Amino acid sequence: MPVVMFGGAAQGSRPSVPLTPTPQFSDEDLAILDDIERISRGEDASLDTEKVKPARMVASLIRLLIRKGVIQEGEFLEELAQK
């Protein structure tokens with residue numbers, strides 16, 4: 001079995017596949033994401049904003065899609081991180 005050693009030209013080279021960018025969330029966004037997580041566990045939301053109400057519907061839909069195997073949780077998170 002051949003052994004491949006990385007070094008020389010491979011050092012310092014950039015990956016051929018672009019890395020997923022880290023999303024930038026505001027404190028309000030993070031609070032809403034926390035509420036969505038609470039809702040996905042069947043708990044009540046702690047925020048009472050207009051943004052949480054549609055988020056409840058989206059969270060329910062995402063949970064259903066993941067539970068039915070239509071999408072993978074990792075796929076959803078990757079898509080969410082894209083701009």
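These numbers were taken from a predicted model, which means no experiment stands behind them.
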> What distance separates Arg63 CZ from Lys68 NZ, expressed to the nearest 0.5 Å?
Replying inline: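 Between atom CZ of Arg63 and atom NZ of Lys68 there are 13.5 Å.
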
>> According to side chain to side chain donor-acceptor pair (under 3.5 Å), who are the partners of Asp34, at least two apart in sequence or on a separate chain?
In response: none

>> Tell me the closest heavy-atom pair linking Leu47 and Asp35, and the distance in Å.
In response: N-OD2, 2.7 Å

>> With a 4.5 Å cut-off on side-chain heavy-atom distances among I, L, V, M, F, W and Y, is there a chain of contacts connecting Val70 to Leu80?
In response: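 Same hydrophobic cluster.
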
> Can you name the side chain to side chain contact (heavy atoms under 4.5 Å, CB included) partners of Ile71, sequence neighbours left out?
Replying inline: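 Partners of Ile71 under the side chain to side chain contact (heavy atoms under 4.5 Å, CB included) test: Leu65, Ile66, Glu75, Phe76.
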
